[in-house]
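Encoded as structure tokens, the structure appears first; notes follow it.
Keep in mind that what you see is a predicted model, and the values were worked out from it rather than measured. Each chain gets a letter, A, B and so on, in the order the sequences are listed, and its residues count up from 1.
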Amino acid sequence: MARYNARVAEPKWQKVWDQAGLFKAERDDSRAKYYVLEMFPYPSGRIHMGHVRNYTMGDVVARYKKAQGFNILHPMGWDAFGMPAENAAMEQKVHPGKWTYANIDAMRAQMKPLGLSLDWSREFATCDPEYYGQQQALFLDFLQAGLVTRKAAVVNWDPVDMTVLANEQVIDGKGWRSGAPVERRELTQWFFRISDYSEELLAAIDGLKDWPEKVRIMQSNWIGKSRGLQFSFAVKNAPTGFAALEVYTTRPDTLMGASFAAISPDHPLARELERSNPALAAFNADCRRVGTSEEALETAEKRGFDTGLKVVHPLDPNWELPVWVANFVLMDYGTGAIFGSAAHDQRDLDFAHKYGLQVIDCFLPVGSDERVDSTAYSPPKTDPVNYVHTHFGTGKMIGNEGVDLAIAHAERAGYGTGVTKYRLRDWGVSRQRYWGCPIPVVHCDACGVVPENKANLPIRLPEDVTFDRPGNPLDHHPTWAKTTCPNCGKLARRETDTMDTFVDSSWYFARFTAPKATTPTVMEDAAYWMNVDQYIGGVEHAILHLLYSRFFARAMEKTGHLPKTAIEPFKALFTQGMVTHEIYQTRDESGRPIFHLPEDIVWKDEIAYVRDRLLDMSGNPLSDMGGEPLYSMKVEVIPSAKMSKSKKNVVDPDDIIEQYGADTARWFVMSYSPPERVVEWTAAGAVGAWYHLQRVWRIAEEIL
RNA sequence: GCCCGAGUGGCGGAAUGGUAGACGCAGGGGACUCAAAAUCCCCCGCCGCAAGGUGUGCCGGUUCGAGUCCGGCCUCGGGUACCA
């Protein structure tokens, strides 16, 4: 009986499918549609097992729904703008566009043999001018609809390279290339006003019945609706213009436990005070020598500086609190100023202990008289506590009742108001980089900031750029930014910032419904194909990409590019697990890790060794020359690590496909572990999957 | 730090609060065969010759009974707004 030969069978059928145009999607209003989409890949150059898993899942759904009779849309494209192309340009002296399109060609060639049921006729890359030109049109429509704004924002500034750094490029507070400590610097930036949609985006999460619970929780927490009290402290001997210090607190029930006020090093008052206080200026400068990421700010050692200023407690004109500058107060949240209630917040307590500030208990655990010592007492506000020291009453109450009473008291007495705040901030989209979608506005001395004429779109990236010095090549370009004002016709300068690449991926799913259109979308096509019935991708996109896309769909609806029915673009979401592989690591004399490729590892008595690399005259490894093999070093085996080139634990799909065929790889990643869980690639598992296919083949042969 | 997950044999994993490890992979033994492939049967958490003991990351609690519920941890993974 003939054995299954994937190398013959797979190309044969793929050719048949291709020639029949089996997967080409055509709008047909008489038929029910089904739109399957996997998160499109970044063209890094090679596909990896994670891609195979992702696209196979979508393929399974698409084929199943097709068999059920649905009219299927299952497209593929490329998330093609981004930093790696610019890094390649700097390191390999290759144009980002050339690098990107070469990578796309290579990856498409790798994907075709997988036999996915994709409609390749709708393919596009976000770096195609036909795509980003339509994105510029959307930007202009959003601008006109009041969905875009300009304001100051802080960025990571590398003082040596004189360039803005991404958070990823800041390592331990230092620039990744220069090694210089980064500074926080303010720039005027473009923003999408996503925070206007905070309540809407939050409330609509309830309707996302076919999304994983965990993603809905993460999005809810990210938007972060909170009810609290906003009030101002009177500042004694304040600098001009700073007589009142606005603070926001979600725990106004601890107001009687206040022992200090604290402001962010970036707070206007801190900036004002540092002008006449060199020690404070040095402290603030030091605090700013941390990256802008929330993680860096929150995990930095808690430090403070006493400004010497006092504020008056709102409930007692004779009670004064010191004002400190503290590095753990975030300028981006609330008002950038807080009051510290040390007994009921661990950070405040640590800060109070460090600087000898008071600790005043406002409430105790029910049925206990234990006072706070080294651990703050901060139960959830849904828990009952025993209030002992407040301005609104004592005794057992749910925390939220205490908060409500405290807010009511403040509103009655007139020193504060209850406000609802959201953690969600506006979406800053300006990037000081070349390889992105140019922001289509012009700066005119006479007219100010002027939108480009749509007739001039796309505003194309210039081809003749160099990366021999740091910074944005669009700024360095001799002529590109020179233009005329669309308003008055005088000489003007183009905006040289490009858009965040998340913008590109926030509407590609809509573009797939009419990929060649001369407008961003075509209503009839969008109305037929949207929404995406099943969206599949990595959980790492649970918050940003998915939230931005939900906002974008609303903004596109508002500007007439999507129907009302499409404001939740993804009906069902599935988050797949990663494909991982063991890492094999040894160390050099100084203890730095050295990583080894899986094929260089040999196992003996369940211990891994690096295969000896010495070769004999004819090129055979010496270790194979009879007798005991020569093993060099024992290898540390780190299980279940994300595949990455730098760790050398990547298994290339090509090798597997060459050896066993695409269906073996597809079957392995689909069957080895539940789809939402991590799957660890193992050679034994791949062989098992291959045996399984052989069995299926034999059974089919016997039947037919 | 904060938010969200995960943790059960060699491996992937099952188990409405009721016999932990279904099913599968890998492995071991056997049958068939001249031999192999294929197929079929048996064994397979750990300790123990056995009887038996023990066992779902750790500590504690609720319960007649906990992998499952509650509290407190630990480890690993994802995100943390300029990686995509």
Measure from the side-chain heavy atoms of [X] and tell me the nearest of [options].
X	options	result
A:Pro674	B:G13, B:G78, B:G5	B:G13
A:Phe502	B:A84, B:C4, B:A81	B:A84
A:Met218	B:C83, B:G13, B:G78	B:G78
A:Arg425	B:A84, B:A81, B:C4	B:A81
A:Val155	B:U80, B:C82, B:G1	B:C82
A:Arg433	B:C82, B:A84, B:C2	B:C82
A:Met578	B:G77, B:U80, B:A14	B:G77
A:Ile217	B:C4, B:A6, B:A84	B:C4
A:Glu295	B:G1, B:A6, B:C83	B:G1

Under 3.5 Å side-chain donor-acceptor pair for A:Tyr101 and A:Asp128 |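 Their side chains do contain a donor-acceptor pair, which is all the 3.5 Å distance test asks for.
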
For A:Ser226 and A:Tyr248, test the side chains for any donor-to-acceptor distance below 3.5 angstrom and give the result as yes or no.
->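 A donor-acceptor contact under 3.5 Å links the two side chains.
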
Gap between atoms [atom1] and [atom2], on [X] and [N] respectively (whole Å):
X	N	atom1	atom2	result
A:Tyr422	B:C3	OH	P	20 Å
A:Leu201	B:A81	CG	P	19 Å
A:Glu298	B:U80	CD	C1'	9 Å

Report the relative orientation of the aromatic rings in A:Tyr55 and A:His51; use parallel for angles under 30°, tilted for 30 to 60°, perpendicular for over 60°.
->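 If you compare the ring of A:Tyr55 with that of A:His51, the planes turn out parallel.
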
Just checking [X]: base, sugar-phosphate only, or nothing, at a heavy-atom cut-off of under 4.0 Å?
X	answer
A:His692	nothing
A:Ser44	nothing
A:Pro41	nothing
A:Arg423	base
A:Val215	nothing
A:Trp222	base
A:Leu547	nothing
A:Gln432	base
A:Glu301	nothing
A:Gly538	nothing
A:Val164	base

Contact summary for A:Val60 and A:Met670, nearest pair of heavy atoms =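 Between these two residues, the closest heavy atoms are CG2-CE, 3.9 Å.
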
Quick check on [N]: is either OP1 or OP2 less than 4.0 Å from any side-chain nitrogen or oxygen of [X]?
X	N	result
A:Arg431	B:C82	yes
A:Ser673	B:G13	yes
A:Ser293	B:U80	no
A:Asn221	B:C4	yes
A:Arg695	B:A38	no

Between A:Phe40 and A:Thr126, is any pair of side-chain heavy atoms under 4.5 Å apart?
->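 Yes. Closest side-chain heavy atoms under 4.5 Å.
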
Close side-chain approach of A:Phe668 and A:Tyr660, heavy atoms under 4.5 Å =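 No, side chains not in contact.
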
Can you tell which of A:Trp507, A:Tyr508, A:Trp78 makes a ring pair (Phe, Tyr, Trp, His ring centres under 6.0 Å) with A:Tyr131?
->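 Looking at A:Trp507, A:Tyr508, A:Trp78, the match for A:Tyr131 under the ring pair (Phe, Tyr, Trp, His ring centres under 6.0 Å) is A:Trp507.
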
